[in-house]
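Below you'll find the structure, written out as structure tokens, and then a few comments.
The model shown is predicted, which means the values in this text are computed figures rather than measured ones. Counting starts at 1 for both ligands and their atoms, following the listed order.
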Amino acid sequence: MGVTPLVPAGGGAADPTESRSPTAPLRRARIDASAIEHNVRVLRERAGTPEFLAVVKADGYGHGAVTAARAALAGGATWLGVADPEEALALRRAGVDAPLLAWILHTDADFAQVVAAGIDLGVSSEEQVERVAATAPGAAVQIKLDTGLSRNGVDARSWGRVFETAAALERRGALRVRGLFSHLANTSPQEDALAEARFADAVQLAKGAGLDPALLHLSSTAAAVTRDQSAYTMVRCGIGIYGVSPFGDPTSLPDGLRPAMTLASEVAAVRRIAPGTGVSYDHVWRAEVPTTLALVPMGYADGVPRAASNRAEVLLGGRRRPVRGRIAMDQFLVDIGDDAARVGDEVVLFGDPATGAPSADEWGAWAGTIGYEIVTRIGPRVEREPS
Ligand SMILES: *Cc1c(COP(=O)(O)O)cnc(C)c1O
């Protein structure tokens, strides 16, 4: 099929200080923990709430949950949040002892172990409230309310009942309601304001039922940087702490935030091609003039989105270079024109734009998605290392 033979990257003697296999191509996600720490500091100051929850679900948005958790705590986060209780338990096993909240629950689960580990549960239904109290008496819960997202969270029609049930369990010592929270749809300022008003109603209703939740939180990164937080005690920031935009627009990273992940590889082969030569599957791109292609040994199995084929750019030799043709499972090609490149030269797919590299947000735009999906889908062949 005319596929370029893969020249082993590096070529020379293995460096004994490197952990990578001497025969495997380089695919690395370098994680700058100091950027996460810095971003938490910036976001925390911007939000101004007494508490700050750093969201480290999905392996810290692909950055490594433990790395992200430690960096966020160093930057002033007072809480950590994850989706699954199992993610919270993994943090505890790694020695992370900060307050933790997990909010995607399996209603039939036994929560004893999770609660014994000091993990708060975000409950989204009356069944969950009862299940937590039954399997883990004394648990601390935070009740998640639907204020317009129509996802999880207690439906507004059930707020009264859930508050009454929780208050009764609290009086018996079976449960403690530490917080109330919700999540915005980020559809428009008007819709967000409506959700905030609904949340305020819910807080009144909960107080009327005898609850006295210490934590009230509504905002993820987007709202933490755009909406007034004076009514709340906490924000829950995920994407922003990794230096990726919450707004789905590559130019919209909030001021002062720095990308924490650099995705890099190295040139595995170089070849000169003649005009008319088709490149990669389906020949969606053909050279019009003689040019030089550099082969990058990463592909969609590594999280490089195929949808960005023939559109994305990478940093190579100090300049941005266009991706030509389809991104395959393990490799893609970039056009370096009449410049030279050597096997082993570093290729940065994305990183800090201040270095000239594209951002994860740009890759999101090229692939018709958002930066969130780019960083969370880095594949298992990619090694993570501190930068
Ligand atoms: C993922 C998540 C967040 C974090 O959102 P970002 O947009 O990444 O800041 C906050 N709250 C809940 C409930 C979430 O599921």
| said: For H217 and F181, take the angle between the two ring planes, folded into 0 to 90°, and tell me which bin it lands in: parallel under 30, tilted 30 to 60, perpendicular over 60. | reply: parallel
| field | All pairs passing ring-ring contact (aromatic ring centres under 6.0 Å, His included) where residues 73-95 contributes a residue, at least two apart | value | none
| request: Write out all pairs satisfying salt bridge (Lys or Arg N to Asp or Glu O under 4.0 Å) with one or both partners inside residues 171-181, taking only residues at least two apart or from two chains. | output: D120-R178
| Atom-level proximity to ligand 1, residues with heavy atom under 4.0 Å | V55, K57, Y61, W103, K144, R151, H183, S220, T221, R236, C237, G238, I239, Y372
| Just wondering, do F332 and S309 contact through their side chains at under 4.5 Å, heavy atoms? | no
| Partner residues of Y242 under the ring pair (Phe, Tyr, Trp, His ring centres under 6.0 Å) criterion, sequence neighbours left out | Y61, H63
| message | Could you report the tightest heavy-atom contact between M298 and L263, atom names first, then the distance? | response | CE-CD1, 3.8 Å
